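A quick write-up on the structure given underneath.
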Amino acid sequence: MHLEINGNALLDDAYMWLELAAIFFAGVSGALAAVRKNFDIFSVLLLAWVTGLGGGLLRDVLIGAVPPVGITSWKYVTAALLAGALVHLFHVRLDRLRRAIIVFDAGALAMFVVIGVHKGLEYGVGPLAAVFVGMLTGIGGGLVRDLLVDEAPIVLRDRELYAIPATAGAVLAAWVGEMGHLNYVTGGLICLAIFGFRLVSLRLRWQAPGPWQGFGVPRRTPRRLRRGGPSRVGRRRTAPGTDLPGTETSA
């Protein structure tokens, strides 16, 4: 029993540090979005807090863990505000590290998904609900961030594979958790899988499929007919004044 309690405490500490790192990196991306819009210091800190803790707020409200840790845990709030303050002071250098920020954002997405699934299962919401909770934890902060800066959310624009890696990772984490094997080792491996999926999709420019052209869609009109008249190839010539039907003559 003593070893089990220590193991659970170690696992909780691992998830806490994992979540703190995710909050910080997500807060950096939110604060940079505010800086690019030329917002003031308060708005920079607000966007960092919303991006870092928005997904966690949605998660805690959905599973009944109220009041949410995003407004009660000084550690989590400090991590988000620290990210915003650093961006406000050093945004000129940080803005040049766009690739690094994309990597950090992908890492935060992966960590948030696994953390959301783990906490959802802890509160006994069931595997299906845990999948939705994990997905929303991963994409919730970025979704609110983009809406506040008046941009189309990243999960909706350009058909980027953002929500798909989050959902796939949430399904895998929920399945592993339901089997009773979701720990800091398996959770870390799932994080790496989501992280790698996201970065490889960006590198290879993978996109989600667009609207499906299903059955019953009329065929496209050939280009030569859209321009008007039949093609010149094989067109019969007519003598002047003999262009009425039945008066065609061969060339």
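In this text, all values refer to a predicted model and were calculated from it rather than measured experimentally.
The two atoms that bring Gly120 and Val125 nearest to each other are O-CG2, 3.0 Å, heavy atoms only. Taking every heavy atom of both residues into account, Lys119 and Ile63 meet most closely at CG-CD1, 3.8 Å. Annotation for Val114 and Cys191: closest pair CG2-SG, 3.5 Å, computed over non-hydrogen atoms. Across every non-hydrogen atom of Ile164 and Ala208, the tightest pair is CD1-CB, 4.1 Å. Residues Ala173 and Ile190 come closest through the heavy atom pair CA-CD1, 3.6 Å. Residues Gly70 and Leu53 share a closest heavy-atom pair of O-CD1, 3.5 Å.
Both Leu81 and Ile41 are assigned to one and the same hydrophobic cluster, defined by single-linkage of ILVMFWY side chains at heavy-atom distances under 4.5 Å. No continuous path of ILVMFWY side-chain contacts below 4.5 Å connects Leu128 to Val133, so the two sit in separate hydrophobic clusters. Using a 4.5 Å cut-off between side-chain heavy atoms of Ile, Leu, Val, Met, Phe, Trp and Tyr, with links allowed through other members, Leu20 and Val50 fall into the same hydrophobic cluster. Tracing side-chain contacts under 4.5 Å through hydrophobic residues (I, L, V, M, F, W, Y), one never reaches Met135 starting from Val131; they form parts of separate clusters. Leu45 and Ile23 fall within the same hydrophobic cluster, where Ile, Leu, Val, Met, Phe, Trp and Tyr residues are linked whenever their side-chain heavy atoms come under 4.5 Å apart, directly or through other members.
One finds the CG atom of Asp105 at 10.5 Å from the CZ atom of Phe195 (value rounded to the nearest 0.5 Å). Here His118 contributes atom NE2 and Thr186 contributes atom OG1; the two are 10.5 Å apart, rounded to the nearest 0.5 Å. Here the NE2 atom belonging to His181 is positioned 8.0 Å from the CH2 atom belonging to Trp175, to the nearest 0.5 angstrom. With rounding to the nearest 0.5 angstrom, the CG atom of Leu182 is 9.5 Å from the CD atom of Glu122. With rounding to the nearest 0.5 Å, the separation of CG in Leu136 from CG in Leu57 is 12.5 Å. The NZ atom of Lys75 lies 15.0 Å from the CG atom of Leu82; values are rounded to the nearest 0.5 Å.
Proximity of Val77 to Ile71: side-chain heavy atoms (C-beta onward) are nowhere separated by under 4.5 Å. Looking only at side-chain heavy atoms (C-beta outward), Leu202 and Arg198 come within less than 4.5 Å of each other. Side-chain contact between Val28 and Leu86: absent, with no pair of heavy atoms (C-beta onward) separated by less than 4.5 Å. In this structure, Val69 and Asp60 have side chains that are in contact, with non-hydrogen atoms separated by less than 4.5 Å.
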Checking Phe39 against Val149 for the side-chain contact (heavy atoms from CB on, under 4.5 Å) test, could you report, in this order, the C-alpha distance in whole Å, the side-chain angles of both residues, the deciding distance, and whether it holds? CA-CA 9 Å; Phe39 289 170; Val149 298; 4.0 Å; yes
If you apply the rule side-chain contact (heavy atoms from CB on, under 4.5 Å), what do you find for Leu143 with Tyr162, and how did you get there? CA-CA 11 Å; Leu143 182 67; Tyr162 192 81; over 6 Å; no
CA sep, side-chain torsions, deciding dist, call: Glu151, Arg36, salt bridge (charged side-chain N to carboxylate O under 4.0 Å, His left out): CA-CA 12 Å; Glu151 292 182 357; Arg36 293 192 187 104; over 6 Å; no
Using the rule given for side-chain contact (heavy atoms from CB on, under 4.5 Å), can you reason through Phe112 versus Phe25, listing the C-alpha separation, both sets of side-chain angles and the distance that settles it, and then say yes or no? CA-CA 11 Å; Phe112 276 138; Phe25 291 137; over 6 Å; no
Residue pair Lys37, Ser43: steps toward the side-chain contact (heavy atoms from CB on, under 4.5 Å) verdict: CA-CA 10 Å; Lys37 293 290 184 177; Ser43 301; over 6 Å; no
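Judged by distance alone, the side chain of Arg59 and the main-chain N or O of Gly134 form no donor-acceptor pair under 3.5 Å.
Atom CG of Asp150 sits in a sparse spot, with 12 or fewer heavy atoms from other residues, nucleotides or ligands closer than 6.0 Å. Remark: Phe132 CZ is loosely packed, at most 12 non-hydrogen atoms of other residues, nucleotides or ligands lying under 6.0 Å away.
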